[in-house]
Every structure is written in structure tokens, then in C-alpha cells.
Colleague: 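First, the structure itself, so that you have it in front of you.
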Amino acid sequence: MTSMPPEERIGSHIKRAEQALLAAKNAACKPAAVTVPQYAALLWLAEKPGISAAALARLCGVTPPTMNTVLKNLQERGLIERSPHEWHRNVLETRLTEEGRAAMELADAGAVGVERALAAAFSAEERELLIRLLGRCAEALEAQR
């Protein structure tokens with residue numbers, strides 16, 4: 001017997017919800033032929049053209065080596081282009097290509113559908129409460145580090 005029953009572990013419930021969300025978003029991104037991490041990178045690049053890989057990794061919640069792999073795959077498919085920064089030659093700026101913008105828009109349409117369906121499962125008050133509670137979870141876990 002463990003010191004805490006599995007059904008009482010909040011982390012297990014968060015993980016289950018996260019896995020369900022990722023599965024739904026993976027299916028939603030499939031028509032665009034991108035993964036959820038690739039979609040996240042494309043989405044942020046649409047918002048912040050020219051951003052560095054390190055800054056993009058922070059926004060996407062992945063490590064810089066993981067982001068470099070994501071960007072390499074996107075570049076090989078012609079969805080992004082990378083060029084040296086005007087002043088900092090060892091920093092590469094990353095931008096969407098036309099094909100990348102089209103893929104992002106297609107994936108985003110699916111992802112927004114997932115988000116709207118999820119939001120519809122809650123009242124406005126429940127959504128606000130859930131967002132606050134998840135924020136508290138993140139703060140509590142970050143405080144333990």
C-alpha cells in the first residue's frame with residue numbers, strides 16, 4: 001500500500017486531462033501534417049516573427065534542444081526560414097514561410113475547435129475558477145523547485 005491513494009493525487013488527474021488534450025490536439029493538427037509541438041512553434045512564430053529559438057522554447061514550454069529539433073523539422077519541410085540576426089550574427093531569427101502560415105492556420109482551426117469544445121463543457125464561472133485553480137497548481141509546484 002502506498003502512502004497516498006492514487007485517486008487522491010491531483011497530479012494524476014492533471015496528467016490525465018493533459019493526455020486527453022494532447023490526443024485531441026494531435027488529431028486536430030493531423031490535417032496540417034504537424035505535431036502539437038510544431039503547431040505551438042508555428043503559432044508563436046505567427047505572433048512573434050523573428051523570435052530566437054531560445055525565446056520560442058520558453059514560450060512553448062520545452063527545452064532549447066527540443067525546440068531546435070522542432071525547428072529543424074519545420075525548416076526541412078519548408079514551413080519556416082531561419083536567418084542570422086542583423087546585429088547578433090550567432091542568433092538565428094525564425095520566420096514562417098507562406099507554407100508555414102498555411103499549415104499554422106489549418107492546425108489552428110482544429111486546435112481552436114478543441115479549445116472551444118473544452119470550454120463549452122464548463123460555465124463561464126467554472127472556466128474562470130478552473131483557470132485560477134490551474135494557476136495555483138503551477139505556482140505551488142514552481143515554489144517547490
Side-chain angles (χ1 to χ4, degrees), residues 1-77 79-83 85 87-88 90-97 99-145:
M1 181 151 167
T2 66
S3 59
M4 183 179 199
E7 60 275 0
E8 291 180 17
R9 297 176 188 223
I10 294 172
S12 296
H13 296 283
I14 292 172
K15 183 66 175 175
R16 181 173 170 233
E18 178 193 30
Q19 288 173 326
L21 177 62
L22 285 174
K25 282 196 175 180
N26 270 320
C29 290
K30 198 170 198 123
V34 296
T35 65
V36 172
Q38 290 171 339
Y39 159 67
L42 293 172
L43 184 65
W44 278 111
L45 286 168
E47 292 292 317
K48 297 180 179 288
I51 191 170
S52 71
L56 189 57
R58 285 189 294 277
L59 289 171
C60 293
V62 299
T63 63
T66 297
M67 182 52 64
N68 282 329
T69 300
V70 168
L71 294 176
K72 179 179 175 273
N73 290 334
L74 291 172
Q75 189 172 19
E76 286 174 356
R77 291 188 48 211
L79 301 180
I80 63 167
E81 55 190 15
R82 302 181 80 191
S83 58
H85 187 277
W87 302 313
H88 306 287
N90 56 343
V91 173
L92 292 176
E93 293 184 320
T94 307
R95 299 186 191 290
L96 295 178
T97 62
E99 295 85 1
R101 182 163 300 283
M104 184 280 299
E105 290 172 355
L106 182 58
D108 194 46
V112 166
V114 169
E115 292 285 350
R116 286 194 174 135
L118 179 58
F122 301 93
S123 69
E125 295 81 19
E126 288 172 327
R127 284 191 301 273
E128 290 175 18
L129 177 59
L130 180 58
I131 290 168
R132 283 197 314 272
L133 292 173
L134 289 171
R136 272 184 32 207
C137 287
E139 290 168 9
L141 293 167
E142 289 165 356
Q144 290 182 11
R145 281 196 261 159

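This is a predicted model, so every value here is computed, not measured.
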Colleague: Determine whether W44 and I51 make a side-chain contact, defined as any pair of heavy atoms from C-beta on separated by less than 4.5 Å.
Modeller: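 With C-beta onward as the side chain, the pair stays apart.
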Colleague: What's the separation between atom CD1 in I14 and atom CZ in R9, rounded to the nearest 0.5 Å?
Modeller: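 Going from the CD1 atom of I14 to the CZ atom of R9 covers 13.5 Å.
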Colleague: Take a 6.0 Å sphere around CD of E47 and say whether it holds more than 12 heavy atoms from other residues, nucleotides or ligands.
Modeller: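 Check fails, neighbour count at 12 or below.
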Colleague: Sub-3.5 Å donor-acceptor pair from the side chain of R127 to the main-chain atoms of A119, do we have one?
Modeller: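 Side chain of R127 to backbone of A119, a donor-acceptor pair under 3.5 Å: yes, one is there.
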Colleague: Is T94 reaching over with its side chain to a backbone N or O of G50, donor-acceptor style, under 3.5 angstrom?
Modeller: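 The answer is no, because no donor-acceptor pair under 3.5 Å joins these two groups.
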Colleague: Taking the side chain as every heavy atom from C-beta outward, state whether E115 and K25 have any pair of such atoms under 4.5 Å apart.
Modeller: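 Yes, side chains in contact.
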Colleague: So, for A41 and V70, which heavy atoms are closest and what is the spacing to 0.1 Å?
Modeller: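 In this case the closest contact between A41 and V70 is CB-CG1, 4.1 Å.
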Colleague: To the nearest 0.5 Å, tell me how far R77 CZ sits from Q75 CD.
Modeller: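 Here the rounded value is 13.0 Å.
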Colleague: Would you confirm whether S12, through its side chain, and E8, through its main-chain N or O, come within 3.5 Å as a donor-acceptor pair?
Modeller: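 Looks like no, no N/O pair under 3.5 Å.
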Colleague: Can you find a heavy atom in the side chain of K48 that is under 4.5 Å from one in the side chain of L59?
Modeller: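 Yes, at least one pair of side-chain atoms sits under 4.5 Å.
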Colleague: Using side-chain heavy atoms (C-beta onward) and a distance below 4.5 Å, is L42 in contact with I80?
Modeller: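 The answer is yes; the side chains approach within 4.5 Å.
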Colleague: Which pair of heavy atoms, one from A107 and one from C29, lies closest together, and at what distance?
Modeller: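 That would be CB-SG, 4.0 Å.
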Colleague: Give, for atom CD of E81 and atom CD of E99, the distance between the pair rounded to the nearest 0.5 Å.
Modeller: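 Answer for the CD-CD pair, E81 versus E99, is 9.5 Å.
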Colleague: Of the non-hydrogen atoms in P31 and A27, which two are nearest, and what is the gap between them?
Modeller: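 Taking every non-hydrogen atom into account, CD-O, 3.6 Å.
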Colleague: Could you please spell out the steps behind the side-chain contact (heavy atoms from CB on, under 4.5 Å) verdict for L79 and V34?
Modeller: CA-CA 10 Å; L79 301 180; V34 296; 4.1 Å; yes
Colleague: Flag the pair L22 / E18 as yes when at least one side-chain heavy-atom distance between them is below 4.5 Å, and no otherwise.
Modeller: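 When only atoms from C-beta onward are counted, E18 and L22 do touch, with a gap below 4.5 Å.
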Colleague: Mind checking the SG-CD1 spacing from C137 to I10? Nearest 0.5 Å is all I need.
Modeller: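 Between C137 SG and I10 CD1, I get 6.0 Å after rounding to 0.5 Å.
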Colleague: Which value, rounded to the nearest 0.5 Å, describes the distance between L74 atom CG and M67 atom CE?
Modeller: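 With rounding to 0.5 Å, CG (L74) is 8.5 Å from CE (M67).
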Colleague: Donor-acceptor pair, H13 side chain versus E7 backbone, under 3.5 Å?
Modeller: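 The answer is yes, because a donor-acceptor pair under 3.5 Å joins these two groups.
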Colleague: Find the distance between CZ (R101) and CG (L106) and round it off to the nearest 0.5 Å.
Modeller: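 So the CZ of R101 and the CG of L106 are separated by 14.0 Å.
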Colleague: What I'd like to find out is whether the side chain of L43 reaches to under 4.5 Å of the side chain of M104, using heavy atoms alone.
Modeller: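 Contact flag for L43/M104 side chains = yes.
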